[in-house]
Each structure stands twice: as C-alpha cells, then as structure tokens.
Amino acid sequence: MQLIEASALQPFLFTLTSEFRLMDSLNLPSILSPDLGLLFWMLIAFLVVFGLLAKFGFPVITSMVEERKKFIDESLTNARVTNEKLATLKAESEKILKEAHEQQAVILREAKTTGDKIIADAQRKAHEEGAKILEDAKLQIQAERERALQDIRGVVSQLSIAISEKVMRQNLATTEAHEDYINTLLDEIQPSKD
Amino acid sequence: MIRYLKWILVVGLVAMISLSAKASGSSHEDGKIDVKSIVLGHMSDGYDWHITTYEGHHISIPLLVIVKGENSGWNVFSSSKVTHGDTYNGFYINETNGKIYEKLADGSSVRPLDISITKNVVQLWIVVALMLTIFLSAARWYKKNVATQQAPKGFFGVVEMMVMMVHDDIIRPSVGEKQYKKFAPYLLTCFFFIFISNLLGLIPIFPGGANLTGNITITFFLAFCTLLAINLFGNKEYWKEIFWPPVPVFLKCPLPIMPLVEMLGIISRPFSLMVRLFANIMGGHAAILSFTCVIFIAFTIGIGIGSALTPVSLVLMIFMNCLECLVAFIQAYVFTMLSAVFIGMAHPEPHHH
C-alpha cells in the first residue's frame, strides 16, 4: 500500500532526489540536511492529521464553545432585560399604589365635605322648620288670643250691659240702643288691636 | 500536588539515568568521550530506535527500511540487517552522515530513494496518533453533551482551555476578525503539532525522545505550509503591495528594487519561522545532552571531580529541562502567532489615498 503511494509520487520524488543528493554530498551532519523520506512521511502525516482535525476536531470544539459563549451572553442579556422589566413593574406598582392613596384621600375629603354639607343642610332645614313651627305657633297664639279677646269682649259687653242695666235700669228705654252705645264705648276703651 | 511532584521527580530521575546510560554507550573504547558525536547522534534521525546499550549490546527497536535501489528495485527490510555495519542487498549505512547508501557494481556508492520508517517517522506518527486521540475524543465529548448546558471538566476542560487560548488569543487577533475562521484549523493543527512534538522530544525514553521539531525537514515542511497559507489566500491588495508598493516611483519603475525586496520577504518570513523553531529546539536538546556529557567527561578525569561535578550538572540539567518545557510552549506559540500574523498581513484592507 505504501509502495503504491510511493510509486505514484515517483517522478516528483526523483526530481527532488537529485537536489537532495547534492545536499548529501555536502556531508552536513544529518540534522542539518533535509531528508526526502522524512519529508514524504511528514507530508502524509501532516495531511492526515490536518484533514481529520480540520474536519472533525477543531471546528467542532470551537463552534461548540462559541455557541456556549453566545448562550451565556444571551442569558446575561435576558437576565438584565428581566431585571429591568421587574424594576419597571415595581415602579409601576408603586405608582398605582400612590395613585390609589391619592384617590383615597380625595374620596375621604369629598366624603367629609358631603357629610358637612348634609349636616349643614339638616341644621338649616331644622332651623327653618323650627322657625316655621314657631311662626305657626305665634299665629295660632295670636288667633287664639284674638278669639279669647273676642270672647272676653263678648263676655265684657254682656257683663257691661248687665251692669249698665243694673245701674241705669230705668234710664235706658231700649236695650238695643244701649247695646250699640256700649260697644262704641268698648271700642274706644280697648287698646288698639294690631 | 506534592504527590505529583514526587512522581515528576521520579520520572525525571529515571529519564536522566536512561540518558546517562545512552551517553555512556556512545563512549569510545579508548575511554575518550566524543561529545560532538554523542550529542549529534542523539539529535539525529536513525534507522532504528536506540534505547540503551547494556554491557556492549545495543538494545534498540528495529524499524522498517524502505529503499529503492538503482538495480534491485524496491527493498523493504528490517533495520537490524544494516545497523551494525552490515550490508544487506548492497545497502549499508554511511558512518559519516548515518544515511543508507547503495554500493553499485562499479564500486561507487549512491544514495537510493529512501522512504524508510525512521525514528523520526515513528515519532511523527506517535504525535499524529496522540493528536487524533486527544482532539477527536474531545470533539466527541461536545457531540455527546449539550454545549449550552455544561462545560467540560478535567482533561477535556484542559483541552478546551488550550484550544480556545490559541484560537482566541493568537489566531483571532492576529489573522483578523474577517477571515480567521478559514485559517483556524490549520494554525491550531500547527500549534498542537509543534507543542506535542516539542514535549515528546523532551521525554528521553521510547514514546518520545526523537528530535522532531529540531529537525530541519519538519520545520521546513511546516514553514512551507505557512508560506502556502500566506500566499495562496493573499488578496489583491497584498499582491499589489508586493508588485507595486506605495513607494516613490523610481524605487520600482526602471529597476524593480522594492518588488524584489518584497519578494524576498515572501521567502524570508517562512525561512525565519523554519530556522527559529529548528534552532531553538535543537539548541535546547544540545544543551541538555551536553550537561549530561559533562558528568561522564568529569568521571574520565577523576572520580573526585566526577562526584563533585555531577550534582552541578544534575541541577543544570533539571534547570534546562524546565526551561525546555517553557521553550516547548513558547516556540509553538511563536510559530503559530507569527504564521497567523503573516497570514493576516496577506489580507490588507485597501488603502484609500
């Protein structure tokens, strides 16, 4: 197998051989003189190792490591974004809470004013009602007094008539004329009605 | 951690003993120690995998020799047939440079076409097998597990860390955001090939020990691959800057001075990569081996000096090994980074004057 490979390379090797023979004739220590056989094997060995590793070795390793690196970078970015989102959410919730507090204060204030107003209204109404009742009572009292006065006047006029009759029984011819006269007198006596 | 350190120490000691044994095996019969040949011998490629020499017997793993001779055609035989100065089918190992030569009928020797499975080739395939095992099993982990759910732990965690370190710290910024994906597999392969080879090179016994990245052929190949990666994928602007760089016209019109300089740059950049890696690794190996040889040289002078110098040499060797572990990583890093930078420079953004 190796022989076949070698014979395929034969023309190439022979051209090189003449060069190397020249090198050999210089009689350098073997370490300094290039060796065709070693070069030949080095070519094959290096091509084998390079071919296999370039296809199945290094790219697999580097691409996987880069993939992992990308994944880690992405994870970090995601974490940052999530943190930022969390912070925004927190700020938002705080804002909502603050607004709620404000609203609560507003509502409380409104409730207080409304309550105050209701109380004030009620007081006012009660006041008005009281005043009205008082007025009515006054009117009624007035009316009652008038009626009482009327009654008293009636009684007084009757009494007066009776008294007058008794006083001047003989002087008074007609009852009716006397009655009118007494009423006139009473009107004059009575203090002015309002 | 303490327990691991203990093991590291034990392994280190065993390594040094084996190195010492190797070095002692290379000493000449007259008692003189040829440091140069020992050091070069340990850093060079070989047809067999020498383990140690025990009482004059070489203990080594024979490997496969594949050569095509001028008249005998393809020959495949065990290296044990030629390593002890024997000749097999007309093939023998030249002592001066350690390569196989063929003796022809007229008495002249020629270098045959040689694609033997040498020590470095075996080491090469060990590195390849290790890399395939490590990275394909790591890749299988990612296929089995959901990547977005968990990260790998333990060994695969280390693999991921290393791969992503190279990928994110070297390749992506150096090549440029736009096209780094296309070049990442090549540069990653490069990095781990060099890194694992460097580390295995520091282990003195069997699964490692061959001086792979300290071999000019290997670094030449890697640098050549980088040259191809730079120039085959360079964009229009890159070629424009080479053949018609933004410099005063007299520097490029009658005599293409700047284009020539730029073209020199095409070659010199990969060349510097090749030499830098090779020289660093070879130098490190040479230093460690030399410190080991100091022990034996000192003992040939006298037992007193030998015993006195051994601890010094040991400390220096341990220091050099630690340093080399660092260098193993740094050189892989530098090679990959410069390759990435050069590839990135081949994709310039068009200038708008």
Side-chain angles (χ1 to χ4, degrees), chain A residues 2-7 9-10 12-14 16-18 20-75, chain B residues 40 43-45 66-68 74 76 94 96-99 110-111 113-118 120-121 124-125 127-128 131-132 134-136 138-140 142-143 145 147-151 159-160 163-164 167 181 184-186 188-190 192-193 211 214-218 220-222 225 278 282:
Chain A
Q2 284 151 1
L3 292 181
I4 295 163
E5 273 174 9
S7 58
L9 279 165
Q10 213 165 306
F12 164 73
L13 289 180
F14 267 123
L16 272 176
T17 324
S18 52
F20 281 87
R21 273 180 186 153
L22 185 75
M23 290 277 201
D24 283 336
S25 64
L26 294 174
N27 236 346
L28 289 163
S30 70
I31 193 162
L32 274 174
S33 56
D35 185 79
L36 184 66
L38 186 56
L39 188 68
F40 167 75
W41 286 113
M42 177 66 184
L43 177 75
I44 292 172
F46 196 80
L47 285 183
V48 166
V49 76
F50 173 62
L52 285 175
L53 289 186
K55 187 131 177 60
F56 307 110
F58 296 124
V60 176
I61 298 174
T62 50
S63 68
M64 282 297 183
V65 172
E66 254 150 35
E67 198 178 296
R68 195 172 66 218
K69 213 166 133 196
K70 220 172 84 193
F71 176 76
I72 292 170
D73 284 350
E74 268 170 18
S75 302
Chain B
L40 279 181
M43 291 194 298
S44 307
D45 204 354
I66 306 167
V67 284
K68 185 178 188 292
W74 285 103
V76 180
N94 184 347
T96 49
N97 62 7
K99 297 272 166 74
V110 289
R111 182 98 169 86
L113 184 58
D114 178 5
I115 50 165
S116 303
I117 312 289
T118 59
N120 277 344
V121 175
L124 189 60
W125 286 105
V127 172
V128 167
M131 282 178 77
L132 291 180
I134 291 170
F135 296 110
L136 292 184
R140 218 182 52 200
Y142 288 94
K143 286 218 171 113
N145 294 274
T148 52
Q149 297 302 311
Q150 57 179 332
V159 173
E160 182 191 304
V163 170
M164 294 323 285
H167 187 259
K181 276 214 154 72
Y186 165 68
L188 280 165
T189 312
C190 240
F192 286 104
F193 181 85
N211 186 18
N215 188 301
I216 197 95
T217 314
I218 302 293
F220 164 77
F221 180 84
L222 290 171
C225 286
F278 161 72
M282 191 201 65

- request: Work out which heavy atom in B/Ala139 is nearest to a heavy atom in A/Gly57; give both atom names and the distance.
  value: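 Minimum heavy-atom separation between B/Ala139 and A/Gly57: CB-O, 3.9 Å.
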task: Please report the closest heavy-atom contact between A/Leu38 and B/Asn120, naming both atoms and the distance.
output: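 Of all heavy-atom pairs spanning A/Leu38 and B/Asn120, the closest is CD1-CB, 3.6 Å.
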Output the distance between atom [atom1] ([X]) and atom [atom2] ([Y]), rounded to the nearest 0.5 Å.
X	Y	atom1	atom2	value
A/Trp41	B/Ser116	CH2	OG	9.5 Å
B/Ile218	A/Asp35	CD1	CG	9.5 Å
B/His167	A/Glu66	NE2	CD	5.0 Å
B/Leu188	A/Ile61	CG	CD1	8.5 Å
B/Leu124	A/Leu43	CG	CG	10.5 Å

Any donor-acceptor N/O pair, B/Thr189 side chain to A/Phe50 backbone, under 3.5 Å: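 Between the backbone of A/Phe50 and the side chain of B/Thr189 there is no qualifying donor-acceptor contact (under 3.5 Å).
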message: Taking A/Ala45's backbone N and O only, do any of them form a donor-acceptor pair with B/Trp125's side chain (distance below 3.5 Å, no angle check)?
response: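 No, B/Trp125 side chain to A/Ala45 backbone: no donor-acceptor pair under 3.5 Å.
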Would you say the side chain of [Y] lies within less than 4.5 Å of the side chain of [X], judging by non-hydrogen atoms?
X	Y	result
B/Met164	A/Lys69	no
A/Val60	B/Arg140	no
B/Leu136	A/Leu53	yes

field: Heavy-atom pair count under 4.5 Å with chain A, highest-scoring of B/Val67, B/Val128, B/Ile134
entry: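 That would be B/Val128.
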Check each atom of [X] against the heavy atoms of chain A and say whether the ones under 4.5 Å are side chain, backbone, both or neither.
X	answer
B/Tyr186	both
B/Tyr142	both
B/Met131	both
B/Val163	side chain

- request: With a 4.5 Å cut-off on heavy-atom pairs, point out which of A/Leu52, A/Val65, A/Val48 contacts chain B the most.
  value: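 It is A/Val65.
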task: Indicate the ring-plane relationship of B/Phe135 and A/Phe58, choosing parallel, tilted or perpendicular according to the 30° and 60° boundaries.
output: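 Ring orientation, 0 to 90° scale: tilted.
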- request: Begin with the C-alpha distance, continue with both residues' side-chain angles, and end with the deciding distance and a verdict on side chain to side chain contact (heavy atoms under 4.5 Å, CB included) for A/Phe40 and B/Val121.
  value: CA-CA 10 Å; A/Phe40 167 75; B/Val121 175; over 6 Å; no
